[in-house]
There are 2 protein chains.
Amino acid sequence: MTRPTGSRGARTATLSDVAKLAGVSVSTASKALNGRNHVHSQTRERVFEAAAQLQFSPNSLARGLLAGRSGTVGLLTTDLSGRFSLPILMGAEDAFGAGQVSVFLCDARGDAIRERHHVQALVSRRVDGLIVVGSSTDPRPKLADRVDVPVVYAYAPSEDPEDQSIVPDNVGAGRMAIEHLVACGRTRIAHISGDRHYSAARDRDVGATEALTEAGLEPVGEVAYGSWTESWGRAAAAMLIDRHPEVDAVVCGNDQVARGVLDTLREHGRTVPEDVAVLGFDNWEVLTTGSRPQLTSVDPNLEELGRAAARALFDAIDDEHDRGVRTLPCRLVIRESTVRDR
Amino acid sequence: MTRPTGSRGARTATLSDVAKLAGVSVSTASKALNGRNHVHSQTRERVFEAAAQLQFSPNSLARGLLAGRSGTVGLLTTDLSGRFSLPILMGAEDAFGAGQVSVFLCDARGDAIRERHHVQALVSRRVDGLIVVGSSTDPRPKLADRVDVPVVYAYAPSEDPEDQSIVPDNVGAGRMAIEHLVACGRTRIAHISGDRHYSAARDRDVGATEALTEAGLEPVGEVAYGSWTESWGRAAAAMLIDRHPEVDAVVCGNDQVARGVLDTLREHGRTVPEDVAVLGFDNWEVLTTGSRPQLTSVDPNLEELGRAAARALFDAIDDEHDRGVRTLPCRLVIRESTVRDR
DNA sequence: TGATGGACCGAAAACCTTTTCGGTAGTTTT
DNA sequence: AAAACTACCGAAAAGGTTTTCGGTCCATCA
C-alpha cells in the first residue's frame, strides 16, 4: 500500500522504527533521545545511533498534540507591502527563530475577511500566540474573532486599551529631532510634515512643538502637512524659502519628503548643511545614504520593536500578561545633512 | 487539574465535546462537519449548531498527524532584509493563503548554520514542501540536509541543475530595455551597470548587447560596472557625458544608479527625456515615482515569481515534479524618463 | 411475508510521541 | 538473611481527528 507521503522514497522513520533498530521499547527510545534520566548510557548510545542511521526527526505534530502547545506563533500583518512591516517581521522572526518556535506568516492585505480567515487558520493550527502588525501607527480594530491565546499588537496599537500593544515613540521622535537641531545651533526651524491623517505625523509634531517651546524658540511658519512624497517635499520647500527665507533647518515628515526638500534647496542655491540643516524620519537607507549630502534621520527601531513584541508574547504565553500600550524609543542617526563642521 | 493551556479560559472544545452536545458519536460529528455523505440533514444541522455554540475549531495537528501531511510549507529566505525577498514572499504567501496552506517563514540571515537549523525544524514540523528564496540571482548551494519533500528554489537557482528553480529572465530584461529605447528613436545608447560580480548585471548586459546588435547599433562606450548606488550613477554619468557627449540614452543597472544618472544629467544641463532617455531596472517604486522625471524601469515581476514558485511547489507535492531552471519574463514599466512627446 | 437494499449511525483503529506507573534485577542496609 | 533501595526498562494511556467496517432500522420488492 502506498503511503500518504506519495511516492517519494521510503516512509519517514518513526520513533518505533528507532526503538526497534536499537532493540528497546518506544518509551525508552523517547527517554533516551530527550535526555530523560534512568536510561543506561550504553542504551542511550544505541538509540542515538539508530536515530542517526534512520535520519529520525521527531514528529512535531504528535508532540504538539500531546503537549497541548504547538511551539508555533502567528505573525499577522495588515499589509506586508508597506515599508514598515518587514523590519518588524525580521525582528520577531529573529527573536523566535533562535529558540524552538516557528512562525506562521499571514498577510491580510488590508482585508478584514482575509484577516478573519487567517486567524481561523491559525487558531486551528493551535498557535501558542499571535502578533498583529499594523501598517501605520494609527490604532486598529482588535481581532474580530476571540482567540484564547495571547495577542500582541505591534506598530499599530489595538483600539482596545486592554490589549497589549507596542509602538514606536513618535512624540519622542519629534522631540529628538528638534533637540538635535537645537544642539547644532539652529534657531529658525521649519517643519514640513506628511499626511496629516496619520497619527505618526501629528505625534511627531506634538513632540517637536514641545521641544521647541522648551528651547525658547518659535517655529518658522506653520507645520506644512501634505503627503509622504518627494514631490510634496519639493513643493513645500519652495513655498518655505519663498515665505521664510531666514529658515536654517527643516524637519521633514519622512525621508522621501526630505529628499524632495534637499533637491529644492540645492536648486535655490542653499547648501546643506551649511545654510540649512535637513532631517528626515524613518531612516530608509536607500534614501538616506543615496542622497547628497547623506541624510540625518530618526530611525524608528522597527527591528527592535519586532523583537520586543516577540518577547512580550513569550511572557504572555507564560501567563505574565502586560496590558496597554508600550512605546519604544527611536534612535537618531546623524549623517551629513545636519552637521556643519568636520 | 489545570490544563496545559494555562489559566486562559476553558479548555478549547474538541470534536467529542461537539458530539456530546449534539447527541451523536464523534465519527458522525466528524462526517457531518466534513460534508461526508450518509448523515441525516437534521443530524448534520444539530452538529453544526453544537460546533458553533462551542466555537469548535478542528485541531490541525491531529488532522495532520493522521493524514500524513500537515498543510504547511516552509518559506526559507537567505536574507530577508534585501529588497527582493519581500515581493517574492508576498506572491508565495498569496498563492498559498488563498487555499488551505499555511506558511512558515524562516530567515537564515545568510548563515549556513542557521539555515540547517531552520530546515531541521521545518522537517520536524512535517511541512509538505519548501521554497528557498535567494538574495541575488546568483546560483546558490543546494540545501545541506536531505529533505524528502519537494523543494523549489526561487530567484536564486540551485547550483544543482536537477533541482527545480524559478528565476527572472535578466537576459530578456536587458533586451527589453534596449528594444524600448530603440523604439523611442534612440541610437546612441550607453550602459551604466552595477556590481559586475552579480550575474544579474552580466545577464542584462548580454541581453542588451544582443538587442543592440540586432538593431544594427554600436554601444556608446563600454559597459560601466561599479556598484548599485546613486553615487556610482552620478560619477559614471559625469564620465559618460565627458567622453561621449553625443549619448542620447542611458540604460542603468538599477533604479538607484538611474537616480544618480538623472541628477548628474540635470546638473550638466541635459534634460530628460528630451536630450537623453534614462531607464532603470527593478522598478522600485519609491525611487521611480519620486524622481524628476519619473523613471521608466524594467520590473522583475517578483510577486508573480513568488506565485509561480508556490504553484510549482503545489504541483511537485502532487508528484508532478519539473526539474531545471525556469525563467520568468520581466515587464517594462514606461514612465516619463524615456518618452519624448505627450 | 421474507428478503433485499439503502440510509444512517457508532465502535474502533490508526497516526506518533510523551509520560506515568509498575516491574525486574541487582545492590545496599540492618 | 531479610528488607529496602536504586537503576533501568517496558506496557499503556493520552492527545484529537478521520476512516473503515459492521450494525440497526425502515422501506421496497418479489
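Letters A, B, ... mirror the listed sequences (proteins, then strands); counts begin at 1.
- When each of P58(A) and H38(B) is assigned the nucleotide of DNA chain C with its nearest heavy atom, H38(B) is the one assigned upstream, toward the 5' end.
- Of the side-chain N and O atoms in S25(B), one or more sit less than 4.0 angstrom from OP1 or OP2 of dG10(C).
- Between dT17(D) and T14(B), a contact under 4.0 Å exists linking OP1 or OP2 to a side-chain N or O.
- The residue among R126(B) and T43(B) whose nearest nucleotide of DNA chain C is located toward the 5' end is T43(B).
- Of the candidate nucleotides dC9(D), dC21(D), dA14(D), dA14(D) has the atom lying nearest to any side-chain atom of L66(A).
- Not one side-chain nitrogen or oxygen of S30(B) sits closer than 4.0 Å to the OP1 or OP2 atom of dT19(D).
- The side chain of F56(A) lies closest to dT17(C) when the candidates are dT17(C), dG16(D), dA11(D).
- Donor-acceptor pairing under 3.5 Å is lacking for the side chains of S158(B) and D160(B).
- Atoms CZ (R125(A)) and C1' (dT17(D)) sit 14 Å apart, rounded to a whole Å.
- An OP1 or OP2 oxygen of dT19(C) is reached within less than 4.0 angstrom by a side-chain nitrogen or oxygen of R36(A).
- If you take CZ of R69(A) and P of dT19(C), they are 13 Å apart, rounded to a whole angstrom.
- Nearest nucleotide to the K31(B) side chain, out of dT18(D), dT20(D), dA11(D): dT20(D).
- Taking the side chain as every heavy atom from C-beta outward, P161(A) and V325(A) never approach each other to under 4.5 Å.
- In summary, E49(B) and R46(B) do not engage in a salt bridge, as defined by a charged side-chain N under 4.0 Å from a carboxylate O.
- Considering only the side chain of V24(B), dG10(C) comes nearest among dC21(C), dT18(D), dG10(C).
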Exercise. What's the verdict on side chain to side chain contact (heavy atoms under 4.5 Å, CB included) for F96(B) and I131(B), showing C-alpha distance, side-chain angles and the deciding distance?
Worked result: CA-CA 12 Å; F96(B) 288 125; I131(B) 294 182; 3.9 Å; yes

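- Across the protein-nucleic acid pair, L65(B) atom CG and dC16(C) atom C1' stand 5 Å apart, rounded to whole Å.
- Distances shown here put every side-chain N or O of N59(B) at or beyond 4.0 Å from the OP1 or OP2 atom of dG15(D).
- Side-chain contact annotation: R125(A) with T72(A), donor-acceptor N/O pair under 3.5 Å absent.
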